[in-house]
Amino acid sequence: MEVTEVEPPKKPAKVAASPKKSEKEVVSPKKTPKTAASPKKTPKTTGSPKKAPKAAQPAGMTADDVLQNIPDAVLPEVDEDKKFNFFAKSKDESGASSMSIDIPEAQPNCLSGLTIVFTGVLPRLDRDASENLAKRYGAKVTKSISGKTSLVVIGDEAGPSKVKKIKQLGVKAIDEDGFIQLLRSMPMEGGDGDAAVKARLKREEEELKIIEQARQDEENERKQEEQRKIAQAKRLQEQERAQSQAASQGQASRQPPEQAKVVPNEDKLWTVRHAPKDVTQLCGNKGQIQKLKTWLTNWFDNSKRGFKDSGTDGAGFRACLISGPPGIGKTSAAHLVAKELGFDILEKNASDVRSKSLLNANIKSVLNNTSVMGFFNKEDSANAKSKTKFCLIMDEVDGMSSGDHGGAGALSAFCRITKMPMILICNDKSLPKMRTFDRVTFDLPFRRPSETEVKSRLMAIAFREKVKLDPTVIGQLVQATSNDMRQMINLLSTVSKTQKVIGADQAKSAASSWKKQTILKPFDITARLLNGQIYLPGSNHSLNDKIDLYFNDIDFAPLMIQENYLLTRPMNCKTGLEHLERVASAADDISQSDRVNSLIRSSEQQWSLLPFHGVLSSVSPSAAVAGNVSQRINFAGWLGQNSKAMKYQRILQELQYHTRLRTSTDKKELRLDYLSVLAKRLSNPILTRGEEGIEETINVMDYYYLTKEDWDSILDLGVGESRGELVAKKIPTKVKTAFTRKYNGGVHPTAIYKTGNSLASAAKKSSVDYEDVIEDDTNEKEEAEEEDSDKIDEKKDKLIKKKASKAKPKAKPRAKKAK
Amino acid sequence: MSNYALSLELPWVEKYRPHKLDDIVGNEETIERLKLIVQDGNVPHMIISGLPGIGKTTSIHCLAYELLGPELYQQATLELNASDERGIDVVRNKVKQFAQTKISLPPGRHKIIILDEADSMTPGAQQALRRTMEIYSNTTRFAFACNQSLKIIEPLQSRCAILRYNKLADDQVLARLLEITEAEKVQYNSEGLQALVFTAEGDMRQAINNLQSTVSGFGFVNDVNVFKIVDQPHPLVIKKILLSCTNAKNIDEAIDLLDTLWNKGYSAIDIVTLTFKVAKTLPGINESKRLDMIKEIGFVHMRVLEGVSTYLQLCGLFAKICDLA
């Protein structure tokens with residue numbers, strides 16, 4: 001059974017939904033367990049044999065020995081009653097949590113070989129802190145519980161599904177105190193347990209492999225350097241010979257082109273020096289890179305077929321779009337793949353002007369060219385032929401800004417016609433300006449490489465730079481940079497200036513300053529504010545930090561909090577009543593914040609109140625209800641609702657103007673007193689008597705000077721049973737068309753007031769004045785022709801023509817005056 | 001007194017601006033790193049971020065100067081700050097051209113482009129820098145200085161080493177002030193310097209500026225003169241008021257302290273805004289109580305802004321805070 005505890009090479013995907021997982025777990029025991037020699041291909045062969053009693057323990061301290069000493073008293077309570085609230089309650093009573101906790105200094109790598117899951121809110125430790133702690137001592141931290149999990153550290157309000165899973169799989173569960181005890185008592189290197197030993201061996205093996213790889217890289221580089229030197233020497237000789245020949249012939253021959261100055265490796269940035277040299281060195285996104293390769297390889301075949309196929313490999317596209325966050329090797333991948341397939345590369349990026357006109361002038365002509373690189377490169381004539389194809393790499397497509405007017409549109413037009421493969425690269429595909437590429441490009445989203453994917457590469461680099469890097473630091477690096485490979489290398493290079501040994505402690509101190517700061521999206525702000533962790537007494541988030549969250553997006557943060565503050569399960573909330581009270585106080589704060597907001601946004605512009613608004617609208621309500629967010633965070637509904645309200649206000653205004661001759665009331669009263677009755681009188685006759693009721697309805701409408709549109713709007717304003725669409729559904733289509741025909745057939749009185757710009761009324765007006773218009777039209781045309789010959793030219797322009805025809809009815813009085 | 005005019009031709013901030021990395025005060029670890037960079041050459045791209053007046057721009061200039069030496073410094077650096085036009089066109093033309101120009105430099109040295117106040121560059125201009133930074137990285141390195149690194153787009157942050165400068169410690173500011181008073185032969189007492197350090201809140205430039213204005217205004221640096229120049233109620237007093245409200249529950253003491261401020265002529269708005277600031281970081285109270293306190297202060301702030309800037313409002317505020325716990 002110990003075999004199962006061996007760390008599988010691949011982490012279970014963090015995002016994987018737990019139900020999916022459990023399915024796999026059920027299936028997997030049936031498979032024949034593969035030998036440990038080939039665990040790479042079968043990361044999920046381990047089943048749930050954990051239920052087997054923990055027997056057969058080797059000599060010495062093992063993880064199991066230690067674990068057995070730690071009480072797992074919390075679990076049975078959960079088993080009796082699956083309600084988390086009960087659990088939380090009992091926990092609270094059992095011991096008042098103290099403010100601080102002293103984390104024992106444990107033996108290095110003592111948790112090695114253990115796979116730990118943290119769940120729920122630990123009373124004293126921050127979730128991040130505890131996970132870091134576990135990682136630092138060599139444990140593997142995963143998010144969801146599976147058969148491979150060695151133990152679960154369970155806190156307050158653990159999710160019921162997790163608790164169920166623990167019970168089901170029989171995984172050892174301990175609480176926070178147990179975790180601390182574990183840290184204190186585990187021997188170095190995780191003891192002598194099989195799992196720990198295997199993990200250690202594996203780690204050592206991995207390190208060896210990395211070193212081996214680094215050596216190979218170094219070797220290759222040296223060879224290349226030598227070759228280059230030889231080639232250079234040769235060239236120099238040739239040059240000298242040529243020069244001497246030229247001199248002897250007495251001709252002023254053209255100077256041979258100066259050799260590009262070669263920058264020694266030591267002077268390059270680490271990111272350049274250790275840039276991946278071939279596709280295999282790229283970290284992560286293997287699948288996508290393979291897709292890119294296939295697409296590019298087949299490009300010319302697809303081209304012959306006219307991109308008619310709609311295969312999965314983007315066979316139907318002339319261009320592809322790589323998208324993903326910075327520093328994960330998008331540009332590198334594009335360049336390397338193109339180079340490997342023997343393409344000549346033409347690159348344009350945000351530092352080039354890429355407006356519509358310039359793109360048309362420069363790029364368009366290039367698109368159906370062939371490269372001449374192959375003709376000049378005599379050294380490898382075998383490749384010469386393939387060198388005649390080239391590909392266009394458009395980097396930073398989303399970086400097209402104000403200066404690049406119409407660039408994106410032009411580029412997407414090129415994507416449809418190009419005779420050469422185009423690779424577009426951008427960071428954020430969801431931007432509105434990137435919409436235009438949606439249909440015309442083969443979409444290749446790149447993901448951030450995971451920690452394991454990055455690890456070996458970073459270790460290799462560190463080895464080659466002779467920096468001693470503790471493997472456990474990489475986790476922190478990954479977290480601090482949010483999986484940005486380039487940034488990690490940059491950081492290593494900076495830190496290594498002063499420190500040649502980078503261990504866990506140094507990393508911890510530096511991690512905060514390494515952290516990239518970017519403006520958070522509204523969803524992230526909300527998730528963080530509503531997360532209970534940051535309000536715990538022991539957490540290191542000051543009030544200023546929380547207000548800063550609000551300042552990330554001062555417009556959306558309040559709206560998002562208001563939308564989502566009901567979705568949480570508040571911390572330490574024992575009864576439903578308390579929950580209700582907290583929600584009430586949050587709602588209070590939010591409504592008060594509106595007062596503040598009105599002072600800020602009104603003509604007074606009291607921006608000095610902004611921090612206060614932040615507290616009142618975002619921090620304080622979320623402090624009241626913060627806890628587990630159990631549902632998906634919704635986007636602020638206020639925007640949509642607000643515009644809907646504005647629309648109804650407008651409609652109401654119009655109705656009031658129309659009916660004012662018969663009603664004597666204002667907008668509000670009209671809505672409250674008249675409209676519900678009016679709606680009945682307007683709809684009931686049709687509903688009850690069908691076509692016979694039409695006459696009566698029209699009479700009512702005429703009496704109140706209502707138009708057909710008003711009839712629709714009045715029904716729209718109905719609520720509940722008499723909601724617009726419900727009523728409309730009840731009227732048969734036949735009746736509806738009859739009604740429309742009959743209404744249009746007759747002449748109806750209108751109130752003097754006509755609302756401005758509605759299109760329908762304009763059309764009606766023109767139809768009424770139709771005859772006049774014809775007369776005027778002819779007159780005016782003659783006049784125009786007489787007046788100015790220039791105008792005829794202008795009339796060829798579509799826009800002007802349109803304008804003129806529209807303006808005619810209005811121009812009528814003027815024309816008459818002119819006569 | 002009359003010869004001051006002659007001796008003050010330069011602002012002291014400029015006169016005493018450090019020219020060597022050794023002279024820069026504070027942030028020892030980062031400065032140490034920069035010094036090592038000077039020895040090795042091979043500057044990485046970097047972003048230096050931090051509050052105003054803690055030596056960001058100065059350290060970049062010192063770094064460039066020490067790396068390139070006096071002759072090449074002029075030639076091989078390009079400095080653009082917020083006063084220069086730095087739109088996308090300038091980045092595409094001027095910056096790119098500079099990156100492309102060849103200047104013969106000793107091995108291990110690179111041209112340096114200094115972009116001061118980079119957080120005021122438009123995102124478009126920043127986008128345009130991305131590939132330029134990579135393609136010409138063998139000859140040109142970039143250094144950004146900014147107050148908020150979050151205004152720099154993520155792709156640029158990813159390309160740079162980010163150095164964060166911390167606030168200067170009070171004794172560091174004090175040491176520097178002492179050097180200057182020595183050099184300028186300023187008369188002072190220790191309370192005066194303390195007040196300068198306190199009001200500067202770790203901002204060296206502000207401290208030196210305040211010192212200079214106090215000297216030119218009054219000739220003698222003591223705390224009364226300094227607070228006259230700075231014109232701000234003393235945060236310590238506010239802190240004392242709040243503490244006497246929350247811990248001691250002694251409203252009389254709080255009101256007495258408030259009276260001293262009020263009688264000095266500070267307006268209600270000054271006192272309230274400062275109270276808000278102090279309350280945010282007041283030690284020793286728990287989070288929910290702090291929020292309640294902030295709410296009370298905020299509401300009074302609102303009323304004061306609406307025009308009710310009376311003594312009564314302030315008294316009411318502190319009484320309410322007393323009542324809270």
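Naming convention: chains lettered A, B, ... in sequence-line order (proteins, then strands); numbering from 1 in each chain. Note that these values count all heavy atoms, side chains included, but never hydrogens, waters or copies made by symmetry. Remember, it's a predicted structure, so these values are computed and weren't measured experimentally.
- The distance from the NZ atom of A:Lys546 to the CG atom of B:Leu291 is 7.0 Å, given to the nearest 0.5 Å.
- Of all the listed residues (A:Asn544, A:Thr271, A:Ile489, A:Val615), the one sharing the greatest number of non-hydrogen pairs under 4.5 Å with chain B is A:Asn544.
- With a 4.5 Å cut-off on non-hydrogen atoms, A:Ile547 touches chain B through its side chain but not through its backbone.
- In this structure B:Thr77 satisfies the side-chain contact (heavy atoms from CB on, under 4.5 Å) test together with B:Ala64, B:Leu68, B:Tyr73, B:Ile112, sequence neighbours excluded.
- Applying the 6.0 Å contact sphere to CZ of A:Arg601 captures more than 12 heavy atoms from other residues, nucleotides or ligands.
- Atom CG of residue B:Asn138 and atom CG of residue A:Leu269 lie 7.5 Å apart, to the nearest 0.5 angstrom.
- Here CZ of A:Arg486 is found 9.5 Å from SG of B:Cys160. Values are rounded to the nearest 0.5 Å.
- Only the side chain of B:Lys96 comes within contact range of chain A, with at least one heavy atom under 4.5 Å from a heavy atom of that chain.
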**Study point:** Residues B:Ile153, A:Asn427; criterion side chain to side chain contact (heavy atoms under 4.5 Å, CB included); working and verdict
**Key:** CA-CA 11 Å; B:Ile153 59 170; A:Asn427 286 129; over 6 Å; no
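- For a residue to count as touching a neighbouring chain, one of its non-hydrogen atoms must lie under 4.5 Å from one of that chain's; by this rule B:Thr122 does not touch chain A.
- Residue contact with chain B, scored on non-hydrogen atoms closer than 4.5 Å, involves the backbone and the side chain of A:Leu543 alike.
- When heavy atoms are compared at a cutoff of 4.5 Å, B:Val95 does not approach chain A at all.
- Between chain B and the options A:Asp589, A:Val619, A:Val272, the largest number of non-hydrogen pairs under 4.5 Å is found for A:Asp589.
- Taking NZ of B:Lys280 as the start and CZ of A:Phe612 as the end, the distance is 12.5 Å to the nearest 0.5 Å.
- Only the side chain of B:Asp40 comes within less than 4.5 Å of a heavy atom in chain A; its backbone stays farther off.
- If you tally non-hydrogen atom pairs under 4.5 Å between each of B:Arg131, B:Gln127, B:Lys35, B:Gln39 and chain A, the highest count goes to B:Arg131.
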**Study point:** Residues B:Met46, A:Asn490; criterion side chain to side chain contact (heavy atoms under 4.5 Å, CB included); working and verdict
**Key:** CA-CA 9 Å; B:Met46 56 189 174; A:Asn490 274 332; over 6 Å; no
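- The OG atom of A:Ser593 lies 11.0 Å from the NZ atom of B:Lys295; values are rounded to the nearest 0.5 Å.
- In this structure, A:Gly327 and B:Ser158 approach most closely via the heavy-atom pair CA-OG, 3.9 Å.
- Contact annotation for A:Ser608: both backbone and side-chain heavy atoms come within less than 4.5 Å of a heavy atom of chain B.
- Heavy-atom pairs under 4.5 Å with chain B were tallied for A:Ala623, A:Ala624, A:Pro611, A:Pro325; the largest tally goes to A:Pro611.
- Looking at B:Arg159, the atoms closer than 4.5 Å to chain A (heavy atoms on both sides) sit in the backbone and in the side chain alike.
- Residue B:Arg290 touches chain A through its side chain alone, counting heavy-atom pairs closer than 4.5 Å.
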Just distance, no hydrogens or angles: give the donor-acceptor pairs under 3.5 Å from side chains in residues 268-278 of chain B, sequence neighbours left out.
from	atom 1	to	atom 2	distance (Å)
B:Thr273	OG1	B:Ile269	O	2.7
B:Thr273	OG1	B:Asp270	O	3.1
B:Thr275	OG1	B:Ile271	O	2.5

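- From A:Ser620, atom OG reaches atom CD1 of B:Ile294 across 10.0 Å, with rounding to the nearest 0.5 Å.
- At most 12 non-hydrogen atoms from other residues, nucleotides or ligands lie less than 6.0 angstrom from CD of B:Glu85.
- With a 4.5 Å cut-off on non-hydrogen atoms, A:Val596 touches chain B through its backbone and its side chain both.
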Exercise for review: Applying side chain to side chain contact (heavy atoms under 4.5 Å, CB included), run through B:Glu306 and A:Gln606 and close with a yes or a no.
Suggested key: CA-CA 9 Å; B:Glu306 279 167 344; A:Gln606 304 286 9; over 6 Å; no
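- A salt bridge is defined here as a Lys NZ or Arg NE, NH1 or NH2 lying under 4.0 Å from an Asp or Glu carboxylate O, and A:Asp395 with B:Arg130 fails to meet this definition.
- Neither the backbone nor the side chain of B:Leu129 comes within contact range of chain A, judged by heavy atoms closer than 4.5 Å.
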